[in-house]
Amino acid sequence: MQEQYVTVAGEGAHETEVSRSRFVCRLAPADTEEEAKAFVARVRAEHPGAGHHCWAYVIGADGGVQKSDDDGEPGGTAGLPMLQMLTRRGIRCAVAVVVRYFGGTKLGAGGLIRAYGGAVGEALDAVGTRVRQRYRLVTVTTDHQRAGRLENDLRSGGRPVREVTYGAEVTIELGLPAAEVEAFRDWLADSTAGTARLTVGGEAYGSL
């Protein structure tokens with residue numbers, strides 16, 4: 001698995017104009033193809049009067065799934081330059097849709113390539129990006145007496161606490177870089193006099 005990847009900061013939009021044609025680029029994070037396709041469908045429904053709804057997405061932290069569509073524009077002039085802009089910027093787990101409202105002037109193949117790729121590039125600049133880091137999920141189980149102080153120590157120490165659950169005991173779920181798990185185990189034993197239990201789970205990605 002990749003240690004980290006870059007994706008869009010969140011869902012957002014940016015509009016550009018080229019020779020009176022409007023190019024509205026919509027961006028969103030997407031962890032799966034299903035999420036990407038649902039976003040494309042939603043944007044298409046929100047812009048029923050547009051001439052084209054071209055799209056591209058890169059799925060997977062390693063960029064293993066890459067697809068695009070010209071939606072009626074000449075082949076290779078819309079979806080592909082959009083996809084190339086995403087990959088050139090190192091974007092993963094994201095989808096881009098560019099909605100075009102025709103302004104009456106034909107742009108030619110070169111103009112379309114520049115317009116669609118440029119629309120995605122400007123949208124990325126406007127919306128921003130974020131880094132997601134691979135974490136190992138771990139769960140700390142402790143008694144109620146120690147839980148409050150332990151949670152405070154974790155948060156003040158910059159540990160990414162994800163969830164705290166109170167029951168017969170208190171469980172605290174957090175994410176740690178894989179290389180830090182053993183050092184954290186030692187710290188936890190020292191901090192709780194060996195009373196807290198540590199369970200190491202699977203892996204996930206989280207924002208830095």
Any link between [X] and [Y] through a network of hydrophobic side chains (Ile, Leu, Val, Met, Phe, Trp, Tyr) touching at under 4.5 Å?
| X | Y | value |
| --- | --- | --- |
| Val95 | Val6 | no |
| Val40 | Leu83 | no |
| Leu86 | Phe23 | yes |

Derivation of the side chain to side chain contact (heavy atoms under 4.5 Å, CB included) call for Leu188 and Leu150 = CA-CA 9 Å; Leu188 183 65; Leu150 179 57; 4.0 Å; yes
Arg132, Gln133, Arg134 screened by side chain to side chain donor-acceptor pair (under 3.5 Å) with Tyr5, the one that passes |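 The option that passes is Arg132.
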Would you please test Arg20 and Thr105 for side-chain hydrogen bond (donor to acceptor under 3.5 Å, both in side chains) and show each step?
-> CA-CA 7 Å; Arg20 295 193 300 277; Thr105 302; 3.1 Å; yes
With [X], which residues qualify under side-chain hydrogen bond (donor to acceptor under 3.5 Å, both in side chains), at least two apart?
| X | result |
| --- | --- |
| Arg88 | none |
| Lys67 | Glu33 |
| Asp143 | none |

With heavy-atom distances below 4.5 Å as the criterion, would you say the side chains of [X] and [Y] are in contact?
| X | Y | result |
| --- | --- | --- |
| Thr171 | Val140 | no |
| Val58 | Thr87 | yes |
| Tyr57 | Val65 | yes |
| Leu174 | Val138 | yes |
| His14 | Arg26 | no |
| Val97 | Cys25 | no |
| Val24 | Arg22 | yes |
| Ile91 | Leu124 | yes |

Where is the tightest heavy-atom contact between [X] and [Y], given as atom of each residue plus distance?
| X | Y | result |
| --- | --- | --- |
| Val127 | Ala13 | CG2-N, 4.0 Å |
| Ala78 | Asp70 | N-OD1, 3.2 Å |
| Glu169 | Thr142 | CB-O, 3.4 Å |
| Ala30 | Ile59 | O-CD1, 3.5 Å |
| Val98 | Ala119 | CG2-CB, 4.2 Å |
| Trp55 | Met82 | CA-CE, 3.7 Å |

Where the side chain of His52 meets the backbone of Asp71, is there a donor-acceptor pair that is under 3.5 Å apart?
->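 Flag set: sc His52 to bb Asp71 pair under 3.5 Å.
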Heavy-atom donor-acceptor pair, Gln66 side chain to Gly63 backbone, under 3.5 Å | yes
To the nearest 0.5 Å, how far apart are [atom1] in [X] and [atom2] in [Y]?
| X | Y | atom1 | atom2 | answer |
| --- | --- | --- | --- | --- |
| Leu112 | Cys54 | CG | SG | 8.5 Å |
| Tyr116 | Ser68 | OH | OG | 12.5 Å |
| Cys93 | Asp62 | SG | CG | 8.5 Å |
| Leu27 | Thr129 | CG | OG1 | 11.0 Å |
| Asp31 | Arg92 | CG | CZ | 14.0 Å |
| Leu80 | Glu73 | CG | CD | 13.5 Å |

Review item, side-chain donor-acceptor pairs of residues 153-168, under 3.5 Å, at least two apart:
from	atom 1	to	atom 2	distance (Å)
Arg155	NE	Glu151	OE2	3.0
Arg155	NH2	Glu151	OE2	3.2
Ser156	OG	Asn152	O	2.9
Ser156	OG	Asp153	O	3.2
Arg159	NH1	Glu180	OE1	3.2

For Tyr205 and Tyr135, what are the C-alpha separation, side-chain angles and deciding distance, and is it a ring-ring contact (aromatic ring centres under 6.0 Å, His included)?
-> CA-CA 6 Å; Tyr205 285 94; Tyr135 285 115; 8.7 Å; no
Would Glu34 and Lys37 pass as an ion pair if we require N to O under 4.0 Å?
->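 Looking at Lys37 together with Glu34, the answer is no, because their closest N to O distance does not fall below 4.0 Å.
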Counterpart residues, salt bridge (charged side-chain N to carboxylate O under 4.0 Å, His left out), relative to Asp125 (two or more places apart) = Arg89
We want to know whether [X] and [Y] form a side-chain donor-acceptor pair, criterion being a heavy-atom distance below 3.5 angstrom.
| X | Y | answer |
| --- | --- | --- |
| Tyr101 | His47 | yes |
| Arg100 | Ser21 | yes |
| Thr195 | Arg146 | yes |

Scan residues 168-201 for pairs that pass ring-ring contact (aromatic ring centres under 6.0 Å, His included), counting only residues two or more places apart or in two chains.
->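 Applying ring-ring contact (aromatic ring centres under 6.0 Å, His included) to every pair that reaches into residues 168-201, excluding sequence neighbours, yields Phe184-Trp187.
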Determine, step by step, whether Leu107 and Val18 satisfy the side chain to side chain contact (heavy atoms under 4.5 Å, CB included) criterion, reporting the C-alpha distance in whole Å, the side-chain angles of both residues, the deciding distance to 0.1 Å, and the verdict.
-> CA-CA 8 Å; Leu107 302 181; Val18 180; 4.1 Å; yes
Flag if over 12 foreign heavy atoms under 6.0 Å of CZ, Arg149 =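 No, not enclosed.
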